[in-house]
Trainee: 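First the structure, which I've put down as structure tokens, then a few questions once you've had a look.
Naming convention: chains lettered A, B, ... in sequence-line order (proteins, then strands); numbering from 1 in each chain. All figures in this text were calculated on a predicted structure; none of them were measured in a lab.
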There are 2 protein chains.
Amino acid sequence: MRLTHLADYAVVMMTAAARREPGERLSATILSEETGVPLPTAQKLMQSLGRAGLLTGQRGAGGGYLLARPVSEISLADIVEAVEGPIALTQCSEGASDCALDAHCKVKPHMGLVGEKVRGALGAVSLKELSQ
Amino acid sequence: MRLTHLADYAVVMMTAAARREPGERLSATILSEETGVPLPTAQKLMQSLGRAGLLTGQRGAGGGYLLARPVSEISLADIVEAVEGPIALTQCSEGASDCALDAHCKVKPHMGLVGEKVRGALGAVSLKELSQ
DNA sequence: CGCCAATCGGAACGATATGGTCCGATTTAA
DNA sequence: TTAAATCGGACCATATCGTTCCGATTGGCG
């Protein structure tokens, strides 16, 4: 039940971005310096965040990233899922069930529900709160 | 935000144990056969669960394990923590802070709170519910 | 029109820790 | 006293995570 390092870094970077003026262009370089996250890693993370629709990238000289949504409409769950993939306690909670115990597993139906609760806890925390 | 395989197995085994008669001696062999978890792995898990105080072990021939508490007083959080260690989103939430970003990390104070919420969600689910 | 700045995407490497297995120590029953 | 059956800890293979680097693409600027 831990966040991966990458997800943790992503949260730190997003909060750093949230503290900036809305509309300001943010490069991976700047956020890297501000947060202490190594530049190559920061680049990779912003790619993931962009693919997930949390950031919009602007290419070319003077380009950079922008928050795709207001800070109050981005949740901790969004950030985590952008980096780690869907939040689910077990992989059988979502499609693929290549689990050896799948045949006579009597816990499976409960896990989906519990996962929802956890996701709810993370979804209730907005980037706005985290950046303060 | 996923459970490790071992934690998942532990939950399956504990629910299997919960479905048995209270007071019945449970060997690792039996639970292994019943759940499909490989025997050596099952042994290792029951050790962890014993150390955590969820199971009490009885050595010698005809020995076995017993649930240390009633099923309604064992939560999903207890099982997960027995195998994975304390539930916390980041390692800085608990003592050791050998994190490169620790110096100017402005998110740290929030993480402890969020971790509590997640733990609450898992703590609200009892073994009694899971075993049904 | 050509150059430069900065992002995007993928591939490859190394480290950590998970997952699985084995063997020794201990205890009770016969 | 013997022996079977269990708990308990140590060990090794493996997979995923984390990190880094490089090339391709795009848009602004001189």
Trainee: Which nucleotide, D:dG8, C:dT18, D:dT6, lies nearest any side-chain atom of B:Ser27?
Mentor: D:dT6
Trainee: Which pair of heavy atoms, one from A:Leu55 and one from A:Leu67, lies closest together, and at what distance?
Mentor: CD2-CD2, 3.6 Å
Trainee: For C:dG19, does either OP1 or OP2 sit under 4.0 Å from a side-chain N or O belonging to B:Thr4?
Mentor: yes
Trainee: Taking DNA chain D as the partner, which of residues 80-89 of chain B come within under 4.0 angstrom of it by heavy atom?
Mentor: none
Trainee: With 3.5 Å as the limit, what N/O pairs link the protein to nucleotides 24-30 of chain C?
Mentor:
| residue | atom | partner | partner atom | Å |
| --- | --- | --- | --- | --- |
| C:dT26 | O4' | B:Arg59 | NH1 | 2.7 |
| C:dT26 | O3' | B:Arg59 | NH1 | 2.9 |

Trainee: Classify the nucleic acid contact of B:Gly57 as base, sugar-phosphate or nothing, counting any heavy atom under 4.0 Å across all strands shown.
Mentor: nothing
Trainee: How many whole angstroms separate atom CD1 of B:Ile30 from atom C1' of D:dA5?
Mentor: 12 Å
Trainee: What is the separation between atom CG on A:Leu39 and atom P on D:dG18, rounded to the nearest whole Å?
Mentor: 18 Å
Trainee: Which heavy atom in A:Thr35 sits nearest to a heavy atom in B:Leu101, and how many Å separate them?
Mentor: O-CG, 3.5 Å
Trainee: Among residues two or more places apart or on two chains, list those pairs meeting side-chain hydrogen bond (donor to acceptor under 3.5 Å, both in side chains) that have a residue in residues 67-83 of chain A.
Mentor: A:Ser75-A:Asp78, A:Glu81-A:Arg119
Trainee: Could you tell me whether a side-chain N or O of B:His110 sits under 3.5 Å from a main-chain N or O of A:Gln132, the two making a donor and an acceptor?
Mentor: yes
Trainee: Rounded to the nearest Å, what distance is computed from the CD atom of residue A:Gln91 to the P atom of nucleotide D:dA15?
Mentor: 14 Å
Trainee: Rounded to whole angstrom units, what separation is found between the CG atom of A:Leu31 and the P atom of C:dA6?
Mentor: 14 Å
Trainee: Tell me: NE2 of B:His5 to C1' of D:dT16, nearest whole Å?
Mentor: 13 Å
Trainee: Could you check which residues of residues 40-55 of chain A get a heavy atom under 4.0 Å from DNA chain D? Sort them by number, please.
Mentor: A:Pro40, A:Thr41, A:Lys44
Trainee: Should the pair B:Arg19-B:Glu34 be classified as a salt bridge under the 4.0 Å nitrogen-to-oxygen rule?
Mentor: no
Trainee: Can you name the closest pair of heavy atoms from A:Ala7 and A:Glu84 and give their distance?
Mentor: CB-OE2, 3.3 Å
Trainee: Minimum heavy-atom separation for A:Ser131 to A:Thr15, with atom names?
Mentor: CB-O, 4.0 Å
Trainee: Can you give me the closest heavy-atom contact between B:Leu54 and B:Ala82, atom names plus distance?
Mentor: CD1-CB, 4.1 Å
Trainee: Mind checking ring pair (Phe, Tyr, Trp, His ring centres under 6.0 Å) for A:His5 and listing every partner two or more places apart, or none if nothing turns up?
Mentor: A:Tyr9
Trainee: Only Watson-Crick and G-U wobble pairs with both distances less than 3.5 Å should count. Give DNA chain C in dot-bracket notation, marking inter-strand partners with |.
Mentor: ||||||||||||||||||||||||||||||
Trainee: Does B:Tyr65 put a side-chain nitrogen or oxygen below 4.0 Å from OP1 or OP2 of D:dG8?
Mentor: yes
Trainee: Do A:Leu31 and A:Met46 have side chains that approach each other closer than 4.5 Å (heavy atoms only, starting at C-beta)?
Mentor: yes
Trainee: Give the rounded distance in Å between these two atoms: CG of B:Leu6 and P of D:dA15.
Mentor: 15 Å
Trainee: Determine whether B:Leu130 and B:Met14 satisfy the following criterion, side chain to side chain contact (heavy atoms under 4.5 Å, CB included), listing intermediate values before the conclusion.
Mentor: CA-CA 9 Å; B:Leu130 285 176; B:Met14 286 293 279; over 6 Å; no
Trainee: Look at the side chain of A:Ser32 and the backbone N and O of A:Val37, then say whether any donor-acceptor pair between them is shorter than 3.5 Å.
Mentor: yes
Trainee: Measure CZ/A:Arg2 against P/C:dT16 and give the value in whole Å, please.
Mentor: 16 Å
Trainee: In whole angstroms, how far is the P atom of C:dT7 from the CE atom of A:Met13?
Mentor: 11 Å
Trainee: Side chains of A:Thr90 and A:Ser93: any donor to acceptor distance under 3.5 Å?
Mentor: yes
